[in-house]
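Note that this is a predicted model, so its numbers are computed, not measured. Heads up: numbering here begins at 1 and tracks the sequence.
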Amino acid sequence: QVQLVESGGGLVQAGGSLRLSCAASGRSYNSLAMGWFRQIPGKERELVAASSWNGATYYPDSMNGRFTIFRDENKNIVDLQMNNLQPEDTALYYCGAHIGALSINPSVYEYWGQGTQVTVSS
């Protein structure tokens with residue numbers, strides 16, 4: 001089993017930055033694909049960044065290069081650096097883990113954290 005705990009969410013002004021952190025435990029960190037997702041009321045959960053066990057990363061074009069995912073191999077932590085945040089980025093952000101290859105599909109992720117709220121004001 002895998003346990004995921006997110007932290008780092010909060011309230012930030014437009015143009016500001018936040019760094020979210022996801023701590024994983026219970027399984028070999030290097031065997032997991034990790035992803036950060038967000039969910040806005042009325043919309044499907046969507047991927048904002050993903051990282052495979054072998055270092056590949058994926059970012060949807062809609063992120064416009066503002067988000068970066070980092071993996072700390074020694075601490076089993078996956079961070080999401082978010083820059084130039086805008087009000088439309090307001091959402092509940094989730095960390096997900098998948099036993100397999102990097103995927104953009106949230107349906108294949110087996111483990112989830114409880115989420116951390118990010119709110120961006122004008």
(message) Apply side chain to side chain contact (heavy atoms under 4.5 Å, CB included) to residues V12 and T119 and explain how you reach the verdict.
(response) CA-CA 6 Å; V12 65; T119 302; over 6 Å; no
(message) Would you compute the distance between atom CG of L32 and atom CD of E110 and round it to the nearest 0.5 angstrom?
(response) 8.5 Å
(request) Starting at CD1 of I69, measure out to CG of D79 and round the result to the nearest 0.5 Å. (result) 9.0 Å
(message) Other residues, nucleotides and ligands only: do more than 12 of their heavy atoms fall within 6.0 Å of CD1 on I104?
(response) no
(message) For V2 versus A97, what's the shortest heavy-atom pair and its separation?
(response) CG1-CB, 4.4 Å
(request) Mind jotting down which residue pairs meet the side-chain hydrogen bond (donor to acceptor under 3.5 Å, both in side chains) criterion with at least one end in residues 34-44? Sequence neighbours excluded, please. (result) R38-E46, R38-D89, R38-Y93, Q39-R45
(message) Taking side chain to side chain contact (heavy atoms under 4.5 Å, CB included) as the criterion, tell me which of Q81, E6, M82 meets it with L20.
(response) M82
(request) Mind listing the closest non-hydrogen atom pair of A49 and P60 along with its distance? (result) N-CD, 4.4 Å
(message) Quick one: does any side-chain atom of H98 pair with a main-chain N or O of A33 as donor and acceptor, under 3.5 Å?
(response) no
(message) Could you tell me if the side chain of V118 sits less than 4.5 Å from the side chain of T90, heavy atoms only?
(response) no
(message) Do L4 and L18 sit in one hydrophobic cluster, given that two such residues count as connected whenever their side-chain heavy atoms are within less than 4.5 Å of each other, even indirectly?
(response) yes
(message) Quick check on the hydrophobic clustering: are L92 and Y109 connected, directly or via other members, by side-chain heavy-atom contacts under 4.5 Å?
(response) yes
(message) Quick one about S103 and N105 (side-chain donor to acceptor, distance below 3.5 Å, no hydrogens or angles considered), yes or no?
(response) no
(message) So which atom in S122 and which in P87 form the shortest heavy-atom distance, rounded to 0.1 Å?
(response) OG-CG, 3.8 Å
(message) So which atom in S17 and which in N83 form the shortest heavy-atom distance, rounded to 0.1 Å?
(response) OG-OD1, 3.0 Å
(request) Could you grab the distance from atom CZ of R66 to atom CG of N84, nearest 0.5 Å is fine? (result) 6.0 Å
(request) Calculate, to the nearest 0.5 Å, the distance between atoms CG and OG belonging to N76 and S25 respectively. (result) 8.0 Å
(message) To the closest 0.5 Å, what do you measure between CD1 (I77) and SG (C95)?
(response) 10.5 Å
(message) Using 0.5 Å steps for rounding, measure from the CH2 atom of W53 to the CD1 atom of I99.
(response) 14.5 Å
(request) Over 60° means perpendicular and under 30° means parallel, so classify the ring planes of Y94 and W112, tilted if in between. (result) perpendicular
(request) Verify the cluster assignment for L47 and V108: are they in a single hydrophobic cluster under the rule of side-chain heavy atoms below 4.5 Å apart? (result) yes
(request) May I ask you to decide if G26's main-chain N or O and Q3's side chain share a donor-acceptor pair within less than 3.5 Å? (result) no
(request) Give the cluster check for M34 versus L80: same hydrophobic cluster or not, with ILVMFWY residues linked at side-chain heavy-atom distances below 4.5 Å. (result) yes
(request) Please answer: with hydrophobic residues joined when any side-chain heavy atoms are less than 4.5 Å apart, are F37 and Y58 in the same cluster? (result) yes
(message) Quick check on Q117: does its CD atom have over 12 non-hydrogen neighbours (other residues, nucleotides or ligands) under 6.0 Å away?
(response) yes
